[in-house]
Protein chains: 2
Amino acid sequence: MCGVSTQTVSRVINRRPDVSPSTRAAIEAAIAEVGFQPSAVARSLVHRRSQTLGVIAAGLRYFGVAQTLNGITVESEARGYGLLLKELANHDTVDIVPVIEFLIAHRVEGIIFAAPELGTNIATASLPPGSPPIVYLKSRPSPAFSTIVIDNYGGAQLATNHLLSLDRRRIGHLAGPLAWPEARDRHDGWRDSLRDAGLATGPVAAGDWSSASGEIAFDTMLREVPNLDGIFAGNDQMALGILHQAHERGIRIPDDIAIVGFDGMDEAAQFTPSLTTVVQPLNRLGRLAVSELLATADEDPATMPVRALTLETELVIRESAPAPAPRPAARTG
Amino acid sequence: MCGVSTQTVSRVINRRPDVSPSTRAAIEAAIAEVGFQPSAVARSLVHRRSQTLGVIAAGLRYFGVAQTLNGITVESEARGYGLLLKELANHDTVDIVPVIEFLIAHRVEGIIFAAPELGTNIATASLPPGSPPIVYLKSRPSPAFSTIVIDNYGGAQLATNHLLSLDRRRIGHLAGPLAWPEARDRHDGWRDSLRDAGLATGPVAAGDWSSASGEIAFDTMLREVPNLDGIFAGNDQMALGILHQAHERGIRIPDDIAIVGFDGMDEAAQFTPSLTTVVQPLNRLGRLAVSELLATADEDPATMPVRALTLETELVIRESAPAPAPRPAARTG
DNA sequence: TTGAAAGCGCTAACAT
DNA sequence: ATGTTAGCGCTTTCAA
């Protein structure tokens, strides 16, 4: 070694108490001079812990996913964990097994699955053996694996009930791709709210989350039910498409048709008219995913109890579907 | 070992030719049965290559950054590389040295710096020794380190010249946080375009990229120059804020004031009115960053030639600042 | 307070 | 075609 010793260096680096001040100083000087960085790789090998979490995401370009990832980075950063990120291609036939295997090979200490389980459902399928604790964010609660979900169903009911409270009776739904569980849950919430109110189900059209698809789907719905008076949109972007198309056609929002979105992106307050929407605690979702994972990190994933957390949404009322006029039976949702 | 051998297994896993079919089959069977995953950690240690790239990002919740990250994931995925992601907290005094050291410790083979170099400029400061090739995405081209940048300055001129071609003469700029290099470059492009046209510099207000800040900044500018007839906004979100506030005040877009944004987010086509904007090749930026890094991965970063790529932007014309009427001297930019 | 030995899980270089 | 030896860079255990 440079100074005199060999792996007394290790003790210095790990701040052990049993090193004489003199040698410690010498070694620290040498380290600083050479710019030595202990290899986390070798450390991982010895300790069998990589200080790293795996994240499987899809649709980073979407508001919701990016926002969740932001929460994940914040929390993992705070706990000194690195993040190994894999984004699934959008082709719906992606086999996730190799992705998980990649993460296992890198010995991540936990996996956050923040992609919709399209097609392949690892849910029932067996996880590869040796896989660390894993938490699903985009699924429905399940007895088979741990989940943290946002109450999309309840949020959809919040939205639909709000439209009902405005005396809208022909309420359509602009759904996201129904392969996404959240799209299905939002759809179901809307459907059930109408049913509970004793109304017939309104028209449904499916978009691809994009505002452009919102315009097209709006067209479709109007053709189907020209006298529509309310729409619950599966996300804010698609709602934006509706707003735009309505303006083109001279349809007044909310007078002719009231609109409620979903997501709660900041921009919704600056839409014209500003958008009533269901806000999701996406950031919190990401942070929770990390802390849940780390809380259970030491246990054996096989025998680990399955946990299920559900986060609630919140209705933010703006111009596109204002608060109901103060009549006898007015309620917000 | 389970069957008979020891690290003939290694040969099997690495698909070497020199294994007898019989033993190979036996070993493969055993592997499948136990669900064995070779440790990428140990592999990294031996090979001194981690098959991993480091990404330093900031502002994942912003459209531009998320979009770039998407490009990065696509390309790295295609090349079989993992991504170790670090997001910088938003406090402007973050010390990035520990972040880089973290990545070095994990022996990433390259670093993509996709955060604005606020305050601390590693640029001039010495990189920690032993750091792998690094490419900066948010800086200006520099002789000191490799960069891939989007021509924000040129894009801003594209935008401003377009407003000039519409005979606007009192053109303001709604800037992003001037700590971000792209915000400064866009500001400078606007300023120089006005100067080259022989006009006085219009009013400037700075927002924080959010649409809410756009509303406020618009107010400020109007108070300063009530008869404004054009605005170049530093991003599409802030432009949205302007659109909204203009609608509130009954200011007609583009008749009274023409607006041009920057970014080219998909939603801009569904703003009301639809937004003329400067499109950035963000996805390509991300993909290029990865391929550049991997192309130079074997060379010594110290002696590596500094490369600088500049990607051009494109003006997309929509309603908020339409094409100039076909007069003699009309030009688009 | 410090050093020596052994091993984490793998692969490269020989040897057989 | 397969086994041996050595070592990647670190930490742990035990000895000095």
Side-chain angles (χ1 to χ4, degrees), chain A residues 1-31 33-52 80 82 84 101-109 128-132 298, chain B residues 1-52 80 82 84 101-109 128-132 297-298:
Chain A
M1 272 292 119
C2 38
V4 268
S5 48
T6 151
Q7 56 76 276
T8 310
V9 177
S10 175
R11 299 197 236 263
V12 172
I13 289 176
N14 295 308
R15 316 181 156 281
R16 299 294 185 71
D18 50 353
V19 183
S20 82
S22 57
T23 44
R24 154 157 297 154
I27 293 176
E28 279 174 344
I31 286 182
E33 187 180 318
V34 193
F36 171 83
Q37 277 293 322
S39 160
V41 178
R43 268 235 254 283
S44 297
L45 187 59
V46 173
H47 284 144
R48 281 90 161 283
R49 0 185 65 233
S50 56
Q51 291 280 95
T52 288
L84 199 49
E101 285 179 345
F102 175 92
L103 295 177
I104 295 179
H106 281 266
R107 298 299 189 260
V108 297
E109 294 178 38
S131 100
D298 298 322
Chain B
M1 273 294 120
C2 38
V4 270
S5 47
T6 151
Q7 56 78 274
T8 311
V9 176
S10 175
R11 301 198 236 263
V12 173
I13 288 176
N14 295 309
R15 317 182 155 280
R16 299 293 186 71
D18 51 353
V19 183
S20 85
S22 58
T23 44
R24 154 157 296 155
I27 293 176
E28 279 174 345
I31 286 182
E33 188 180 316
V34 193
F36 171 83
Q37 277 293 322
S39 160
V41 178
R43 268 235 255 284
S44 297
L45 188 57
V46 172
H47 284 145
R48 282 90 161 284
R49 1 185 64 232
S50 57
Q51 292 280 93
T52 289
L84 199 49
E101 285 179 346
F102 175 92
L103 295 177
I104 295 180
H106 281 265
R107 299 298 189 261
V108 298
E109 295 177 37
S131 101
D298 297 322

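Note that this is a predicted model, so its numbers are computed, not measured. Just so we're on the same page: letters track the sequence lines, and every chain starts at 1.
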Quick check on dA1(D): is either OP1 or OP2 less than 4.0 Å from any side-chain nitrogen or oxygen of T23(B)?
no
Under-4.0 Å side-chain N/O to phosphate OP1/OP2 contact, T8(B) with dA1(D)
no
Is there a side-chain contact between [X] and [Y], using heavy atoms and a 4.5 Å cut-off?
X	Y	answer
R24(B)	R11(B)	no
I13(B)	R43(B)	yes
V41(A)	L45(A)	no

Residue pair [X] / [Y]: nearest heavy atoms and the distance that separates them:
X	Y	value
S39(A)	A42(A)	OG-N, 3.0 Å
A105(B)	P38(A)	CB-O, 3.6 Å
V108(B)	S50(B)	CA-OG, 3.6 Å

Which sits closer to the 5' end of DNA chain D, A40(A) or S20(B), going by the nucleotide each is nearest to?
S20(B)
Can you pull out how bent the helix from dT1(C)-dA16(D) to dT16(C)-dA1(D) is, comparing the axes over its first five and last five pairs, to 10°?
40°
How long is the line joining CD1 of I104(B) and C1' of dG9(D), in whole Å?
16 Å
Just by protein heavy atoms under 4.0 Å, how would nucleotides 5-16 of chain C read 5' to 3' in B, S and -?
--BBBBBB----
Residues in side-chain hydrogen bond (donor to acceptor under 3.5 Å, both in side chains) with N14(B), at least two apart?
S10(B)
Has Q51(B) got a side-chain atom pairing as donor or acceptor with G82(B)'s backbone, closer than 3.5 angstrom?
no
